[in-house]
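Here's the structure, in structure tokens; my notes come after.
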There are 2 protein chains.
Amino acid sequence: MGSATERRGIPDATVTRLPEYLRALTSLADTGVTSVSSEELATVVGVNSAKLRKDLSYLGSYGVRGVGYDVTHLSDQISSALGLTRDQAVAIIGMGNLGRALAAYNGFASRGVEVVALLDHDPAVIGSRIAGLTVEPVADLPRITSEREVTIAMLATPAGSAQEVADLVVAAGITAILNFAPTSLELPADVQVRKVDLATEVQILAFHAQQSRLGGLPAEPVLTEAVQ
Amino acid sequence: MGSATERRGIPDATVTRLPEYLRALTSLADTGVTSVSSEELATVVGVNSAKLRKDLSYLGSYGVRGVGYDVTHLSDQISSALGLTRDQAVAIIGMGNLGRALAAYNGFASRGVEVVALLDHDPAVIGSRIAGLTVEPVADLPRITSEREVTIAMLATPAGSAQEVADLVVAAGITAILNFAPTSLELPADVQVRKVDLATEVQILAFHAQQSRLGGLPAEPVLTEAVQ
DNA sequence: AATACTTTGTGCCTTCGTTCACAAGCCAGG
DNA sequence: CCTGGCTTGTGAACGAAGGCACAAAGTATT
Ligand SMILES: NC(=O)c1ccc[n+]([C@@H]2O[C@H](COP(=O)([O-])OP(=O)(O)OC[C@H]3O[C@@H](n4cnc5c(N)ncnc54)[C@H](O)[C@@H]3O)[C@@H](O)[C@H]2O)c1
Ligand SMILES: NC(=O)c1ccc[n+]([C@@H]2O[C@H](COP(=O)([O-])OP(=O)(O)OC[C@H]3O[C@@H](n4cnc5c(N)ncnc54)[C@H](O)[C@@H]3O)[C@@H](O)[C@H]2O)c1
């Protein structure tokens, strides 16, 4: 119960859930709800309510006992904890199939993410307009980064170029990368990297699918915890 | 050290790493490497070597002390544990920006994933050809599922339709879903769901970016563990 | 055959995360 | 003002995951 929002040490597991809570709260607010109990919010998000409360307690939240949480206030608290007081300026690098889809995605704006630059190295692509932005050469990344205060790069280049491009990104002063290329990047420890690898996701699903196939017959207690 | 590969109870954390190992091994095999030590493989993937060895031990692996692991044999072991002995047949539902990018993605084939159907409900899209496949109506999902033995569905519809479509998917007999819509699905407990939410990923990065910005000044020991 | 060297597989301890369960605190209603 | 009923915030128990460190088990060398 420290002074304020910025206590060092929100657990990683909590941080990964905060965006989920925020999304659920935004959606509740849109439907006119002004107050939620931890129980209600927890079922919406699909987590245990005690976990939810503990998560919120890390940001020194202001729930009211017997009542619940004020939706807008809690949203603000979470936004602030996540550093979303200002929109995050994002650059997308590699304007192929995936890069174009990302650029065209209109789900970012409402969640504090603004795409401010599209980059590629292919002269055939540079200069074309995609989703209201003009594709620029990667060579301009340092200038673009400082001019538009880019904080996050999305890497959508082929795996072969990913490391090389990541190095450029870091050299340009960006310290957070969302990597879509199926390769692990070797970068300084102060650079945050998150990876989205679809084939990996599918393979994890394949494992579980196989499990239920195998486990289906040997009459196992199927553990039907209702998600209701 | 049980009889074989199919021991019940590979930890979840291990399962999520197995695809990474498999990818690294495939890439090593491509460059002609036939044998790796846990140390080498671990640095490629970016994990602790003891963790790697423990992970492999869950599949009753056959490493050779003093030598390491046979690359192709280990690949087979992992593939088998993951249930990739046959390609996973995947259906993509919702052929918008993202669905098209997924359909055009050529990185699946080499990793045991085959896209066998593209579905939408929009008559304007149905019938068009994308990446060699014809878009079919969602109404045909049950037939398509049984005919082509679809095991996994990728949901790329707007968030508003996601639950509804997911219900159809389950009704068609599919028990594994990769959900790209930013919403949590409520489904029977025996259906495996994994979610890919890009805005969430960005927000997590935003948090860490903020942390290093705040922590940057108060002279903290930056913990530069070399990923080498 | 014996010795030196390498690398696995794993027991054990530590750290992190989850869940339970309940006292503390707040509101509403009489 | 006081009582009853909810819901929060959190201590404590539990469980999962991570990592160290070393015996066990193999290869290579003499
Ligand atoms: N398409 C998908 O749905 C999908 C899904 C999962 C992962 N991915 C991954 O995302 C990445 C991109 O996929 P894609 O299908 O869009 O590929 P793509 O080939 O369509 O596009 C790649 C783009 O990156 C550009 N590029 C290449 N090297 C570059 C460099 N050094 N600097 C700047 N730009 C460069 C190319 O000019 C091209 O425009 C790949 O790593 C792929 O594995 C794609
Ligand atoms: N575009 C991206 O890069 C991106 C990134 C992250 C997440 N997403 C998410 O992925 C989903 C799709 O995004 P998008 O940009 O491709 O949207 P989109 O609007 O371009 O495409 C949606 C497609 O789904 C189809 N559809 C709608 N309702 C359907 C139904 N009931 N049954 C079958 N098909 C239906 C539509 O006809 C359309 O073709 C959204 O939920 C979005 O939030 C997209």
Side-chain angles (χ1 to χ4, degrees), chain A residues 1-5 7-18 20-21 25 28 33-71 73-74 77-78 81 204 223 225-227, chain B residues 1-5 7-18 20-21 25 28 33-71 73-74 77-78 81 204 223 225-227:
Chain A
M1 216 180 278
S3 53
T5 334
R7 208 115 196 90
R8 195 58 43 90
I10 300 179
D12 280 354
T14 295
V15 172
T16 64
R17 283 187 294 265
L18 290 179
E20 302 291 327
Y21 301 157
L25 286 166
L28 284 173
V33 177
T34 60
S35 176
V36 263
S37 70
S38 62
E39 199 67 53
E40 290 163 341
L41 185 54
T43 53
V44 171
V45 183
V47 301
N48 179 300
S49 70
K51 180 155 67 175
L52 170 57
R53 286 197 299 278
K54 187 158 282 189
D55 282 343
L56 297 183
S57 78
Y58 290 118
L59 8 136
S61 83
Y62 279 65
V64 181
R65 294 174 190 223
V67 176
Y69 300 85
D70 179 82
V71 171
H73 183 231
L74 186 52
Q77 295 279 314
I78 296 178
I204 294 170
L223 178 57
E225 62 178 26
V227 190
Chain B
M1 218 179 282
S3 53
T5 333
R7 207 113 197 92
R8 196 60 41 92
I10 300 179
D12 279 353
T14 294
V15 172
T16 64
R17 282 187 295 266
L18 289 180
E20 303 291 328
Y21 302 157
L25 286 167
L28 284 172
V33 178
T34 60
S35 175
V36 263
S37 70
S38 62
E39 199 68 53
E40 291 164 342
L41 184 54
T43 54
V44 171
V45 183
V47 302
N48 179 299
S49 69
K51 180 157 67 177
L52 170 57
R53 287 196 298 277
K54 189 163 285 186
D55 283 344
L56 297 183
S57 78
Y58 290 117
L59 7 138
S61 82
Y62 280 66
V64 181
R65 296 176 187 218
V67 176
Y69 300 85
D70 179 81
V71 171
H73 183 231
L74 187 53
Q77 293 279 314
I78 296 178
I204 294 168
L223 179 58
E225 63 177 25
V227 190

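If you're wondering where the values come from, they're calculated on a predicted model, not measured in any experiment. All chains are named by letter (A, B, ...) in the order of the sequence lines, taking the proteins before the strands, and each is independently numbered beginning at 1.
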Please report, rounded to the nearest Å, how far the [atom2] atom of [N] is from the [atom1] atom of [X].
| X | N | atom1 | atom2 | result |
| --- | --- | --- | --- | --- |
| A/Glu40 | D/dT7 | CD | P | 8 Å |
| A/Asp70 | D/dT7 | CG | P | 16 Å |
| B/Glu39 | C/dT8 | CD | P | 8 Å |
| A/Tyr58 | D/dT10 | OH | P | 10 Å |
| B/Leu18 | D/dA17 | CG | P | 13 Å |
| B/Leu74 | C/dT7 | CG | C1' | 14 Å |
| B/Lys51 | C/dT8 | NZ | P | 17 Å |
| A/Ile10 | C/dC16 | CD1 | P | 15 Å |

Q) Can you tell which of C/dG9, D/dA17, D/dG18 lies closest to the side chain of B/Asp12? A) D/dA17
Q) Nearest of C/dT18, D/dT7, C/dG9 to any side-chain atom of A/Ala13? A) C/dT18
Q) When all nucleic acid strands are considered with a 4.0 Å heavy-atom cut-off, which category describes A/Ala50: base, sugar-phosphate, or nothing? A) base
Minimum heavy-atom separation for [X] and [Y], please, with both atom names.
| X | Y | result |
| --- | --- | --- |
| B/Leu18 | B/Ile78 | O-CG2, 3.8 Å |
| A/Gly60 | A/Gln77 | O-OE1, 4.2 Å |
| A/Ala42 | A/Ser49 | CB-CA, 3.6 Å |
| B/Thr16 | A/Ile204 | CA-CD1, 3.7 Å |

Side-chain N or O of [X] closer than 4.0 Å to phosphate OP1/OP2 of [N]:
| X | N | value |
| --- | --- | --- |
| A/Asn48 | C/dC20 | yes |
| B/Ser38 | C/dT8 | yes |
| A/Arg53 | C/dA21 | no |
| A/Tyr62 | D/dT7 | no |

Q: For B/Tyr21, enumerate each residue passing the side-chain hydrogen bond (donor to acceptor under 3.5 Å, both in side chains) test, keeping only those at least two apart in sequence or located in another chain.
A: B/Arg17, B/Asp55
Please list, chain by chain and in numerical order, all residues satisfying side-chain contact (heavy atoms from CB on, under 4.5 Å) with [X], sequence neighbours excluded.
| X | result |
| --- | --- |
| B/Val64 | B/Val67 |
| B/Asn48 | B/Ala50, B/Lys51 |
| B/Ser37 | B/Glu39, B/Glu40 |
| A/Leu28 | A/Val33, A/Val36, A/Leu41 |

Q: Note down the inter-axis angle between the two ends of the helix from C/dA1-D/dT30 to C/dG30-D/dC1, five pairs each, to the nearest 10°.
A: 10°
Polar atom pairs between nucleotides 28-30 of chain D and protein, under 3.5 Å, N or O only, would you list them?
none

So which protein nitrogen or oxygen atoms get under 3.5 Å of nucleotides 12-14 of chain C's nitrogens or oxygens?
unit_1, atom_1, unit_2, atom_2, d
C/dC12, N4, B/Lys54, NZ, 3.3

Q) For every nucleotide of nucleotides 25-30 of chain C, 5' to 3': is a protein heavy atom under 4.0 Å from its base (B), only from its sugar-phosphate (S), or from neither (-)? A) BBS---
